[in-house]
Amino acid sequence: MTAPSITVSETPLVLYTLRRADDALILGHRLSEWCGHAPVLEEDMALSNMALDLIGQARELYGYAAKVEGRDNDEDKLAYLRDVRQYRNLLLVERPNGDFAQTMVRQLFYAAFADLYWRGMMGSTDATLAAVAAKSEKECAYHLRHASEWVIRLGDGTDESHRRAQAAVDDLWAYTGEMFNIDDSERSLIDAGIAIDPTMLLPEWLSIVSHVAREATLTLPENDWMQRGGRDGRHSEHLGHLLSELQYMQRSFPGATW
Amino acid sequence: MATPNTPLWEVFIRSRNGLAHKHCGSLHAPDATMALQAARDLYTRRGEGLSIWVVPSSAITASDPADKGMMFEPAESKIYRHPTFYEVPEEVGHM
Amino acid sequence: MYTQALNSPEEGSHAEDAVRASRFQARIDAEERIEPNAWMPAAYRKTLVRQISQHAHSEIVGMLPEGNWITRAPSLRRKAALLAKVQDECGHGLYLYAAAETLGASREELVDAMLAGKAKYSSIFNYPTLTWADIGVIGWLVDGAAIMNQIPLCRCSYGPYARAMIRVCKEESFHQRQGYEIMLTLCRGTAEQKAMAQEALNRWWWPVLMMFGPPDQASQHSDASTKWKIKRFSNDELRQKFIDATVPQAQYLGLTMPDPEMKQDEQGHWRHGPIDWNEFKQVLAGNGPCNRDRLAARRKAHADGAWVRDAAAAYAEKRARRQMAQAAE
């Protein structure tokens with residue numbers, strides 16, 4: 001017996017909140033995969049701390065999405081009982097950890113965005129989202145600093161680390177554009193002052209990332225072709241495997257309390 | 001092959017406003033910036049800190065326990081440095 | 001007892017050391033704490049480095065069996081708690097390596113010895129975590145047993161070890177509770193969940209009893225460690241204390257102890273049946289179900305991280321050079 005997926009009524013605000021919740025959960029899950037396997041023990045501590053920040057953000061956002069939806073879904077049903085096509089996270093955050101350079105460059109790209117994004121969202125007319133933003137902004141500011149310091153060390157470290165860091169930048173670049181996309185459902189929220197317009201964040205994001213890349217002696221790709229689809233549930237092959245692990249218990253033991 | 005050593009740092013944390021930084025342990029990090037980050041992640045997980053110092057362990061000079069006698073015992077007999085050495089009549093009140 | 005110390009060349013002449021050793025023992029007997037740069041018998045130092053580093057290795061290897069369930073934890077609340085707990089184990093490993101380093105060993109050499117299979121860690125982490133209930137049992141029993149061992153160590157004669165243990169014990173107080181809460185939830189859940197809890201208890205109970213080490217008459221290290229106040233209770237004393245604390249907790253859960261011979265004696269102590277010490281010996285010798293997997297995982301993390309550590313070291317050197325050049329301008 002397995003537990004079937006739930007259905008979610010994705011009103012614009014529910015969908016919007018789920019997208020951010022899924023970003024946080026999936027990236028938190030990825031970072032938690034490092035626990036016990038990091039390059040130095042001090043990094044096991046750091047990566048776990050960041051994973052915990054993100055899982056905490058996800059829980060608050062799922063809780064809010066469930067409340068707004070107003071049916072009997074809750075944080076765990078939303079996390080554990082939606083299938084890959086129902087997940088709304090960015091493609092960037094589901095990228096596999098790869099080597100430490102891939103993980104740190106992914107962190108840099110996402111945290112540089114998330115820090116700006118949550119700072120903007122602190123002014124949301126939605127009190128709950130504004131409160132989540134105030135907490136998340138501080139967390140993501142630290143994630144950004146942590147990732148920047150590492151990317152600089154990897155880029156400007158040894159020949160091998162430079163090569164790996166540059167490869168990570170080249171591999172992940174095409175997944176950064178999706179962070180700045182908006183669709184019709186988001187536009188209505190932006191107009192209402194509930195959400196912010198992410199396209200406004202692009203210049204500053206680019207300036208932060210370029211600054212770190214310069215320090216790290218890395219080159220940002222010229223290529224501006226960007227992958228998209230995660231926000232609408234069109235994911236890479238990796239997400240299904242991640243979810244089969246994440247959801248294993250809830251799927252295998254329908255309705256049980258843990 | 002033996003793993004090369006990463007420098008050792010001593011960590012000092014001020015837990016509340018108005019208190020002094022207190023030694024709380026050590027850690028390994030390649031440089032001061034990373035040491036500060038690692039100290040934050042290792043020693044302030046439960047809200048223990050408001051401020052962190054990291055100092056290279058090699059920069060610390062410690063007194064030799066064998067010198068305990070000459071270093072610290074001479075102070076013990078100087079009891080006139082303490083207020084209780086002096087007698088003030090009770091009627092005078094708290095002083 | 002101090003023969004080894006007296007024969008150690010760096011510790012000076014026999015006559016001088018005999019005097020120092022008796023002064024040292026007097027300090028221990030007076031419950032004074034020994035600090036890193038104080039004189040100590042070489043055997044005391046060696047015993048401590050061995051014990052503290054084994055303890056540190058246990059924390060680090062101990063991340064693996066529980067880490068095995070972080071990505072599969074059945075709720076977000078459980079996932080956060082488990083991740084924080086496994087992260088704590090890492091932190092505890094770091095506090096302990098730092099304590100060992102005050103004795104003149106480097107973390108790198110200690111870790112290298114562990115990766116080479118030359119240093120031991122707790123036998124318990126060589127058993128697999130097969131179901132979610134194992135996470136409950138580990139918190140409840142493995143951490144429970146560890147706490148029994150660790151609380152007396154907070155008064156250990158070596159200052160840095162005692163201080164590390166105080167911090168560890170303070171942080172670990174949530175570990176056992178989260179484990180018991182998992183067990184309670186399972187035992188109050190469906191029949192399938194309760195069976196999962198019982199099955200996990202059956203598998204872990206005997207290995208947990210072995211965590212306290214061989215019976216007193218067979219233990220090699222206890223005499224000196226007791227005299228030096230590194231160890232304050234014998235293996236059997238701690239084991240008994242643990243069982244007496246655990247049996248009522250199991251009864252509350254409605255679980256059956258997997259020991260048909262277990263009986264309460266007239267003093268109220270729960271007496272266990274025979275422990276399979278051969279199994280314990282085999283696990284310590286490297287033949288437990290997961291010894292090879294655990295070492296392989298730690299070796300892989302270490303090897304995969306080498307280029308990262310090299311990069312950070314190279315960057316630190318470059319930065320120092322640049323700063324020097326700047327200062328010279």
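For the numbers below, each heavy atom of this structure counts, side chains included, while hydrogens, waters and symmetry mates do not. Letters go in sequence order (proteins before strands), and every chain restarts at 1.
Surrounding CZ of R77(C) are at most 12 heavy atoms belonging to other residues, nucleotides or ligands under 6.0 Å away. Around atom NZ of K318(C), more than 12 heavy atoms belonging to other residues, nucleotides or ligands sit under 6.0 Å away. Annotation for K78(B): atom NZ counts as buried by contact number, over 12 foreign heavy atoms lying within 6.0 Å. In this structure, R23(C) places its CZ atom where only 12 or fewer heavy-atom neighbours from other residues, nucleotides or ligands lie under 6.0 Å away. Summarising the local packing, CD of E31(C) is surrounded by more than 12 heavy atoms from other residues, nucleotides or ligands at distances under 6.0 Å.
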side-chain contact (heavy atoms from CB on, under 4.5 Å), that's the test. Do L94(C) and H28(B) meet it? Break it down for me.
CA-CA 9 Å; L94(C) 287 171; H28(B) 288 251; over 6 Å; no
After noting the C-alpha distance and the side-chain angles of Q87(C) and D41(B), does the key distance pass the side-chain contact (heavy atoms from CB on, under 4.5 Å) rule?
CA-CA 10 Å; Q87(C) 184 198 37; D41(B) 286 320; 5.8 Å; no
D88(C) vs R46(B), salt bridge (charged side-chain N to carboxylate O under 4.0 Å, His left out): CA-CA, chis, key distance, verdict:
CA-CA 11 Å; D88(C) 271 353; R46(B) 287 170 169 81; 2.5 Å; yes
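Between A313(C) and P30(B), the closest heavy-atom pair is N-CB, 4.2 Å. Among all heavy-atom pairs drawn from Y43(B) and R167(C), the shortest one is O-NH2, 3.2 Å. Taking each heavy atom of N37(C) and A62(B) in turn, the nearest pair found is ND2-CB, 3.8 Å.
Once rounded to the nearest 0.5 Å, the distance linking SG of C90(C) with CG of L42(B) reads 8.0 Å. A distance of 8.0 Å separates SG of C24(B) from OH of Y95(C), quoted to the nearest 0.5 Å.
Using modelled atom types and a 3.5 Å distance limit, the side chains of T33(B) and R319(C) yield a donor-acceptor pair.
Only the side chain of Y315(C) comes within less than 4.5 Å of a heavy atom in chain B; its backbone stays farther off. Residue A312(C) touches chain B through both its backbone and its side chain, counting heavy-atom pairs closer than 4.5 Å. For chain B, no part of R163(C) is nearby; none of its heavy atoms comes within less than 4.5 Å. Proximity to chain B is limited to the side chain of E101(C), based on heavy atoms less than 4.5 angstrom apart. For S63(B), the part lying near chain C is the backbone, with the side chain staying farther off; criterion is any non-hydrogen pair under 4.5 Å. With a 4.5 Å cut-off on non-hydrogen atoms, E10(B) does not touch chain C at all.
Side chain of E108(C) to main chain of T6(B): a donor-acceptor pair is present (N/O by atom type, distance under 3.5 Å, no hydrogens or angles). Counting only distance, with no hydrogens or angles, the side chain of R107(C) and the backbone of L27(B) share no donor-acceptor pair below 3.5 Å.
Per-residue counts of heavy-atom pairs under 4.5 Å with chain B were compared for H302(C), E317(C), E35(C), R309(C); the largest is that of H302(C).
No side-chain heavy atom of T3(B) sits under 4.5 Å from any side-chain heavy atom of E109(C).
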